[in-house]
Amino acid sequence: MAKVKGDIVIDIEKCKGCEVCLAACASNVIAMSKNVNGKGYHFLTKVNDECIGCANCAIVCPDGVITVYKVKL
């Protein structure tokens with residue numbers, strides 16, 4: 001079975017900081033930022049490069065702010 005390397009892109013201006021995605025991330029790649037976006041919400045940020053591309057975070061995001069990319073190694 002091929003290994004998969006993943007990466008995510010977050011639209012921080014659309015993120016409302018609901019934190020639903022945090023529990024869905026099996027690799028603890030994401031966390032809430034201490035900064036706020038233009039609407040005053042704490043937004044999601046990537047904290048490491050351990051993403052496996054499972055896309056659980058993007059699936060549970062109610063606002064669709066997470067895009068997941070996958071590459072087979």
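Computation of the quantities below employed the complete heavy-atom set of this structure, encompassing side-chain atoms and omitting hydrogens, waters and symmetry-equivalent molecules. The shown structure was predicted, so the numbers you read here are calculated from the model rather than taken from an experiment.
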Search all heavy atoms of [X] against all heavy atoms of [Y] and return the closest pair with its distance.
{"X": "His42", "Y": "Ser33", "result": "ND1-O, 3.0 Å"}
{"X": "Cys15", "Y": "Tyr41", "result": "O-CB, 3.8 Å"}
{"X": "Phe43", "Y": "Ile12", "result": "CD1-CG2, 3.4 Å"}
{"X": "Gly17", "Y": "Met32", "result": "CA-CE, 3.4 Å"}
{"X": "Ile66", "Y": "Cys61", "result": "CD1-CB, 4.3 Å"}
{"X": "Val9", "Y": "Tyr69", "result": "CG2-CE1, 3.6 Å"}

Atom [atom1] in [X], atom [atom2] in [Y]: separation rounded to 0.5 Å?
{"X": "Lys70", "Y": "Cys51", "atom1": "NZ", "atom2": "SG", "answer": "9.0 Å"}
{"X": "Asn35", "Y": "Thr45", "atom1": "CG", "atom2": "OG1", "answer": "8.5 Å"}
{"X": "Cys57", "Y": "Ile8", "atom1": "SG", "atom2": "CD1", "answer": "5.0 Å"}

Do [X] and [Y] have side chains that get closer than 4.5 Å, going by heavy atoms?
{"X": "Lys5", "Y": "Asp49", "value": "yes"}
{"X": "Val65", "Y": "Leu44", "value": "no"}
{"X": "Leu22", "Y": "Ile30", "value": "yes"}

(message) Which Ile, Leu, Val, Met, Phe, Trp or Tyr residues join Val20 in one cluster when any pair of side-chain heavy atoms under 4.5 Å counts as a link?
(response)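 ILVMFWY cluster around Val20 also holds Val60.
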(request) Answer yes or no: does atom NZ of Lys46 have more than 12 heavy-atom neighbours from other residues, nucleotides or ligands under 6.0 Å? (result)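 More than 12 heavy atoms, drawn from other residues, nucleotides or ligands, come within 6.0 Å of this atom.
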